[in-house]
Protein chains: 2
Amino acid sequence: MLSKLNDQDPRVRRTRQLIEQAFDELLTEKNFDSVTVQDVTEKAQINRATFYAHFEDKYALLDHSIRQKFRQEIESRVLNACHYTPENLRMLILTVCEFQVKLNTSCAQSQKQFSPLVEKQIKEQIYELLLVWLRKMNIPVSAEMPATAATWAIYGLASYWSASKNRPALETYVDEALPLVAVNLNQFAPEAA
Amino acid sequence: MLSKLNDQDPRVRRTRQLIEQAFDELLTEKNFDSVTVQDVTEKAQINRATFYAHFEDKYALLDHSIRQKFRQEIESRVLNACHYTPENLRMLILTVCEFQVKLNTSCAQSQKQFSPLVEKQIKEQIYELLLVWLRKMNIPVSAEMPATAATWAIYGLASYWSASKNRPALETYVDEALPLVAVNLNQFAPEAA
DNA sequence: CAACTTTTGTTGACTAAGCAACACAGGAGA
DNA sequence: TCTCCTGTGTTGCTTAGTCAACAAAAGTTG
């Protein structure tokens, strides 16, 4: 059905939380493919029909879960409430890198199964964040293209790092990555104008 | 209202649990008198009207809470699923003593405010348990009177102990208390028949 | 392949929970 | 005293969640 539920309703918040929590726990036990909607609803102790009132299917739940967790990382570093600086960009890259390894360690199996879904969700949020940053420094050209380039570069660099056999130290890696991404954005920064 | 709710309904179980948990937490913070129904519903994040669908008022909640906690103590020692022996009776006395001090320590203020309510609930359950024990050893006389005498004796001894300034060691105290209670019951025990 | 089991979405009728509004009971305090 | 304020129960109406049943997909096994 998915007739939009009221996010303010305590019941809605509660059952969403139950679903998300059950889902998280299940992902630490088995891989995503073998988790069924029934598993989730049984662990969450809700009716299966209720699940479908909240999420279209288990893929929508995964999307939501990834999105939410990444958003939390962003928000905990108040990156969402700030503007562009090389330091903030550096922190963003670092966050994406850390998120990748966190996913790999907290899930039962390496999440090859759903990596495309993860990539989509993360990139969407990086992109939105960069757009906000760029729009704050009213630039002469459209923000979409620099934001797109930077988004893909950040995600690509983070993936590359997290997949490396012998991962270099995160800090030094990010130091190297930063200029590769910043070059597209620095030109619009106030001090460079 | 209090139109009887279905105990099997997951929603009912959930909100009851929320209410009980909120209540417990509040009792560790302040004394019973100053806990309002509003406090409970706010902490539990449920609607106030919902509270009244489950409990008549905060006194009914207290009754329920005490009753449930004591029952848990009984059940965790499987006293509910056994028959009369001096050893089981000893364990029962010990349980009542421990429960008294547990109440005193886990609640913000010593629970003088609601001790009559506590006493009523505990004694009811001791009595029911003793009745079951006595009925299992089909005795020639009615079980009610020995059960009553033993119930009051047990509760009285436990109260006396928990209120003592310099409490003697629980084990030795119970050893002394046991014969005082058992004398009324032993005569019906199989080996004494 | 066919017969099976499991899981998936979806439905409609019913019940519980949320919400806002109400009248009413104490206090507390000028 | 009168007023203000906080907490109490109760109500009618709305929305969310439960349940059982269903058909249809997707695996499994022989």
Side-chain angles (χ1 to χ4, degrees), chain A residues 1-23 25-27 29-65 68 108-109 112-114 117, chain B residues 1-27 29-65 68 108-109 113-114 117:
Chain A
M1 278 291 85
L2 229 11
S3 54
K4 46 214 160 278
L5 303 176
N6 177 6
D7 287 346
Q8 304 312 312
D9 193 318
R11 294 170 292 182
V12 174
R13 292 169 173 273
R14 243 176 268 151
T15 71
R16 264 207 241 283
Q17 201 179 327
L18 287 171
I19 292 174
E20 289 160 13
Q21 191 182 322
F23 184 60
E25 289 174 16
L26 284 168
L27 277 189
E29 297 166 13
K30 35 181 161 175
N31 65 1
F32 177 70
D33 288 332
S34 54
V35 171
T36 71
V37 173
Q38 282 192 23
D39 291 338
V40 176
T41 57
E42 275 167 24
K43 184 149 231 161
Q45 303 211 69
I46 59 157
N47 195 276
R48 206 159 50 83
T50 305
F51 176 92
Y52 289 107
H54 287 264
F55 299 99
E56 196 165 349
D57 51 30
K58 70 173 183 173
Y59 299 95
L61 172 55
L62 177 62
D63 271 13
H64 172 86
S65 175
Q68 198 199 33
Q109 250 160 287
K112 278 174 201 151
Q113 331 131 26
F114 53 79
L117 290 169
Chain B
M1 278 289 86
L2 228 11
S3 55
K4 48 215 156 273
L5 303 177
N6 176 6
D7 287 347
Q8 303 312 312
D9 193 316
R11 294 170 291 183
V12 174
R13 291 169 172 274
R14 242 176 270 150
T15 70
R16 265 207 241 281
Q17 201 179 327
L18 288 171
I19 292 175
E20 289 160 12
Q21 190 181 322
F23 184 60
D24 285 354
E25 289 174 16
L26 283 168
L27 277 189
E29 298 166 13
K30 36 180 162 176
N31 65 359
F32 176 69
D33 288 332
S34 54
V35 171
T36 71
V37 172
Q38 282 192 20
D39 290 339
V40 176
T41 58
E42 275 167 26
K43 184 149 231 161
Q45 303 212 71
I46 60 156
N47 196 276
R48 205 159 50 85
T50 305
F51 175 93
Y52 288 107
H54 288 264
F55 299 99
E56 196 167 349
D57 51 29
K58 70 174 185 173
Y59 299 95
L61 172 56
L62 177 62
D63 271 12
H64 172 87
S65 174
Q68 198 199 33
Q109 249 160 287
Q113 331 130 28
F114 53 82
L117 290 169

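Numbered from 1 within each chain, the chains take letters A, B, ... in sequence-line order.
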ask   = Starting at CD of A:Gln8 and ending at C1' of C:dA17, how long is that distance when rounded to a whole Å?
value = 16 Å
ask   = Expressed in angstrom and rounded to an integer, what is the separation of A:Arg48 atom CZ from C:dT8 atom P?
value = 7 Å
key: Whole angstrom value for the distance that separates C1' of D:dT18 from CD1 of A:Ile46   = 11 Å
request  = Check for a donor-acceptor pair, side chain of B:Lys58 on one end and backbone N or O of B:Phe23 on the other, with a separation under 3.5 Å.
outcome  = no
key: Distance below 4.0 Å between B:His54 side-chain N/O and C:dA16 OP1 or OP2   = no
ask   = Start at the 5' end of DNA chain C and walk down; is the nucleotide closest to B:Asp9 or to A:Asp39 reached first?
value = A:Asp39
message = Main chain of B:Gln21, side chain of B:Lys43: is a donor-acceptor contact present, judged purely on distance under 3.5 Å?
response = no
note = Assert: residue with more 5' nearest nucleotide on DNA chain D, out of B:Ala49 and B:Gln38, is B:Gln38
task = Please determine if a side-chain N or O atom of B:Thr50 lies less than 4.0 Å away from the OP1 or OP2 oxygen of C:dG18.
result = yes
message = Can you measure A:Asp7 atom CG to D:dA16 atom P for me and round it to whole angstrom units?
response = 10 Å
query = Out of A:Asn6, A:Val12, A:Leu5, which one pairs with A:Gln8 under the side-chain contact (heavy atoms from CB on, under 4.5 Å) rule?
reply = A:Asn6
message = Rounded to whole Å, how long is the line connecting atom NZ of B:Lys58 with atom P of D:dG9?
response = 9 Å
query = Out of D:dT8, D:dT18, C:dG9, which nucleotide sits closest to the side chain of B:Arg11?
reply = D:dT18
message = Any heavy-atom pair between the side chains of B:Glu20 and B:His64 that's under 4.5 Å?
response = yes
Distance in angstrom units between A:Leu26 CG and C:dT7 P, rounded = 13 Å
ask   = With distance as the sole test, does A:Asp39 use its side chain to make a donor-acceptor pair with the main-chain N or O of A:Thr36 at under 3.5 Å?
value = yes
query = For DNA chain D, what residues of residues 12-23 of chain A have any heavy atom nearer than 4.0 Å?
reply = A:Val12, A:Thr15
key: Nucleotide D:dA16, atom P - distance to CG of A:Leu5 in whole Å   = 5 Å
message = Counting only heavy atoms from other residues, nucleotides and ligands, does the tally under 6.0 Å from CD of A:Gln45 exceed 12?
response = no
Side-chain heavy-atom pair B:Ile19, B:His54 within 4.5 angstrom cut-off = yes
request  = Check whether any side-chain heavy atom of A:Val40 sits under 4.5 Å from a side-chain heavy atom of A:Val35, and report yes or no.
outcome  = yes
Gap between atoms CG and C1', on A:Asn47 and D:dT18 respectively (whole Å) = 5 Å
query = When rounded to the nearest 0.5 angstrom, what distance separates CG in B:Asp7 from CZ in B:Arg16?
reply = 5.0 Å
ask   = Is any side-chain N or O of B:Tyr52 closer than 4.0 Å to OP1 or OP2 of D:dT10?
value = no
task = Please report how far the helix from C:dC1-D:dG30 to C:dA30-D:dT1 bends, comparing the axis fitted to its first five pairs with the axis fitted to its last five, to the nearest 10 degrees.
result = 30°
